[in-house]
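Predicted model, so just to flag it, every value in this text is computed and none were measured. Per chain, numbering begins at 1; letters A, B, ... match sequence-line order.
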Amino acid sequence: MPELPEVETVRRGLQKLIIGNQIVAETHATDKSFPNEANEVAEFLLGTTVTNVRRRAKVLLIDLSSKYTLVTHLKMTGQLVYLGAERFGAGHPNDSLIGVLPDKSTRVTLTFSDNSHLYFNDQRKFGWMRLLPTFAVPEIDFMKRVGPEPLEEVFTSREFIPRVRRRAGTSIKAAILDQTVLAGVGNIYADESLWGAKIHPASIVRELSDKKLVDLLTEIKTVMLLAIEKGGSTDRNYVNAEGKRGSYIDFARVFRREGLDCPRCGTTIEKTRVAGRGTHFCPVCQVQ
DNA sequence: CACTTGACCTGTCCGC
DNA sequence: TGCGGACAGGTCAAGT
């Protein structure tokens, strides 16, 4: 599911909902979803309060007063949903995509002292949640290897171009999906950005001019900002911290629009496979 | 080293 | 309505 804009939307929601909350209980379905030992949980999670909610790449970081951090990767179908005490057991209000929680996809449940809850749901079980000392978070393999945040103003084409060019022999789509090149781009925003920059997703990196790569970085930043503004994309499972959908998909130009008209030139959008992923593009305005 | 493919899981959709 | 296969927003290990 979630790419940078979705995780950022969840982060913003949780920041409003759980900062200052005290955690009083934790349960998990399997050790794969939450591998920490019970004694670590008792010592560094239970009784602590949430001090901050951060994001790095597609990883969500919930800092605790114990100087530990709950590190969560939602992978394809993960959700972090908060339910206030007044709704507990009653399902979600309004336009939520979520029914009564916990449900069969619930992997981890945190209970706060006011009897509100945070649920980590994950249909496909690819995601995980781990308790780590806050200082140790940057030391995990993923954090050591992951590239720069695309929305940092200091991240410009000066840095982007040499990083993409390390993947000279592969497709540009594979290059920008590579989290060590830059952080946070996934399948939806890769397709959307490449359309914006008029680059065919299968173009080989070494064949692309620097100017094209400059355009691409501009598009990545623009698309990510718009997607955050729209609360992310709900293609299937994604919901924010309140269980609600994101609406970027209504503004998508190519993603999941195969058979429809390109909004720029009117040509029928095609779907193919690039870098092992379903890939949407306009065969006329996105040239190799 | 650079690059590609399959594996991890469950659910849904599509064609027969 | 049932059944098999393909596919789904991410990452990693293992293969070439």
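Counting only residues at least two apart or on different chains, the ring-ring contact (aromatic ring centres under 6.0 Å, His included) pairs with a member in residues 196-220 of chain A are A:His200-A:Phe281. Sorted by first and then second residue, the ring-ring contact (aromatic ring centres under 6.0 Å, His included) pairs with a member in residues 167-193 of chain A read A:Tyr189-A:Tyr248; sequence neighbours excluded. Every pair tested for salt bridge (charged side-chain N to carboxylate O under 4.0 Å, His left out) that includes a residue from residues 98-124 of chain A fails, sequence neighbours excluded, so the list is empty.
Contact annotation: A:His73 side-chain N/O to C:dG10 OP1/OP2 distance is not under 4.0 Å. Put simply, A:Arg273 has a side-chain N or O that comes within less than 4.0 Å of OP1 or OP2 on C:dA8. Contact annotation: A:Lys75 does not reach the phosphate of C:dT11 (side-chain N/O to OP1 or OP2, under 4.0 Å). Between A:Lys271 and C:dA8 there is a side-chain N or O to OP1 or OP2 distance below 4.0 Å. Contact check, A:Lys58 against C:dT11: a side-chain N or O comes under 4.0 Å of OP1 or OP2.
What separates CZ of A:Phe255 from P of C:dC7 is a distance of 14 Å, to the nearest Å. For A:Asn121 and B:dC9, the CG to C1' distance is 15 Å, given to the nearest whole Å. With rounding to whole Å, A:Phe126 atom CZ is found 8 Å from B:dC9 atom P. Rounded to whole Å, atom C1' of C:dC12 lies 13 Å from atom CZ of A:Arg277. Between the CG atom of A:Asn187 and the P atom of C:dC7 there is a distance of 13 Å, given to the nearest Å. Atom CG in A:Leu4 sits roughly 11 Å away from atom P in C:dG10 (whole-Å rounding). Atom-to-atom, CZ of A:Arg124 to P of C:dC7 comes out at 13 Å; the value is rounded to the nearest Å. If you measure from atom CD of A:Gln79 to atom C1' of C:dG10, you get 16 Å, rounded to the nearest angstrom.
A:Gly127 comes within 4.0 angstrom of no nucleic acid atom, judged by non-hydrogen atoms across all strands. Across all strands shown, A:Phe142 has heavy atoms under 4.0 Å from sugar-phosphate atoms exclusively, and none from any base. Within 4.0 Å (heavy atoms only), A:Ser233 reaches at least one base atom of the nucleic acid.
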Review item, nucleotides 11-13 of chain B N/O atoms under 3.5 Å of protein N/O:
{"unit_1": "B:dG11", "atom_1": "OP1", "unit_2": "A:Lys104", "atom_2": "NZ", "d": "3.1"}
{"unit_1": "B:dG11", "atom_1": "O4'", "unit_2": "A:Gln123", "atom_2": "OE1", "d": "3.4"}

Between protein and nucleotides 13-16 of chain C, what N or O pairs are separated by less than 3.5 Å?
none

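Annotation: side chain of A:Phe34 is in contact with side chain of A:Leu45 (closest heavy-atom distance under 4.5 Å). The closest side-chain heavy-atom distance from A:Leu64 to A:Val50 is below 4.5 Å.
Under the 4.5 Å side-chain heavy-atom criterion for grouping Ile, Leu, Val, Met, Phe, Trp and Tyr, A:Leu151 is connected to A:Ile176 within one hydrophobic cluster.
Residues that satisfy the side-chain hydrogen bond (donor to acceptor under 3.5 Å, both in side chains) test with A:Asn39, not counting sequence neighbours, are absent from this structure. A:Ile204 meets the side-chain contact (heavy atoms from CB on, under 4.5 Å) test with A:Arg206, A:Glu207; sequence neighbours excluded. Applying the side-chain hydrogen bond (donor to acceptor under 3.5 Å, both in side chains) rule to A:Lys58 yields no partners; only residues at least two apart in sequence or on another chain are considered.
A salt bridge is absent between A:Asp178 and A:Arg145: the closest approach of a Lys/Arg side-chain nitrogen to an acidic carboxylate oxygen does not fall below 4.0 angstrom. By the 4.0 Å N-to-carboxylate-O rule, A:Lys198 lies too far from A:Asp215 to be salt-bridged with it.
Using a 4.0 Å cutoff on non-hydrogen atoms, the parts of residues 159-184 of chain A near DNA chain C are A:Gln179, ordered by number.
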Distance-only donor-acceptor hits, side chain of residues 265-273 of chain A, under 3.5 Å, sequence neighbours excluded:
{"unit_1": "A:Arg273", "atom_1": "NH2", "unit_2": "A:Gly276", "atom_2": "O", "d": "3.1"}

Pairs of donor and acceptor atoms involving the side chains of residues 128-142 of chain A, under 3.5 Å and at least two apart or interchain, shall be tabulated with distances.
{"unit_1": "A:Thr134", "atom_1": "OG1", "unit_2": "A:Lys67", "atom_2": "O", "d": "2.9"}
{"unit_1": "A:Thr134", "atom_1": "OG1", "unit_2": "A:Tyr68", "atom_2": "O", "d": "3.4"}
{"unit_1": "A:Thr134", "atom_1": "OG1", "unit_2": "A:Thr69", "atom_2": "OG1", "d": "2.7"}

Dot-bracket encoding of pairs in DNA chain C, which uses [ ] for pseudoknotted crossings and | for another strand, Watson-Crick or G-U under 3.5 angstrom
.|||||||.|||||||
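Across C:dT11 and B:dG11, the matching P atoms stand 22 Å from one another, rounded to whole Å.
The local environment of NZ in A:Lys230 is crowded, with over 12 non-hydrogen atoms from other residues, nucleotides or ligands closer than 6.0 Å. When the shell of 6.0 Å around CD of A:Glu43 is examined, it contains 12 or fewer heavy atoms from other residues, nucleotides or ligands.
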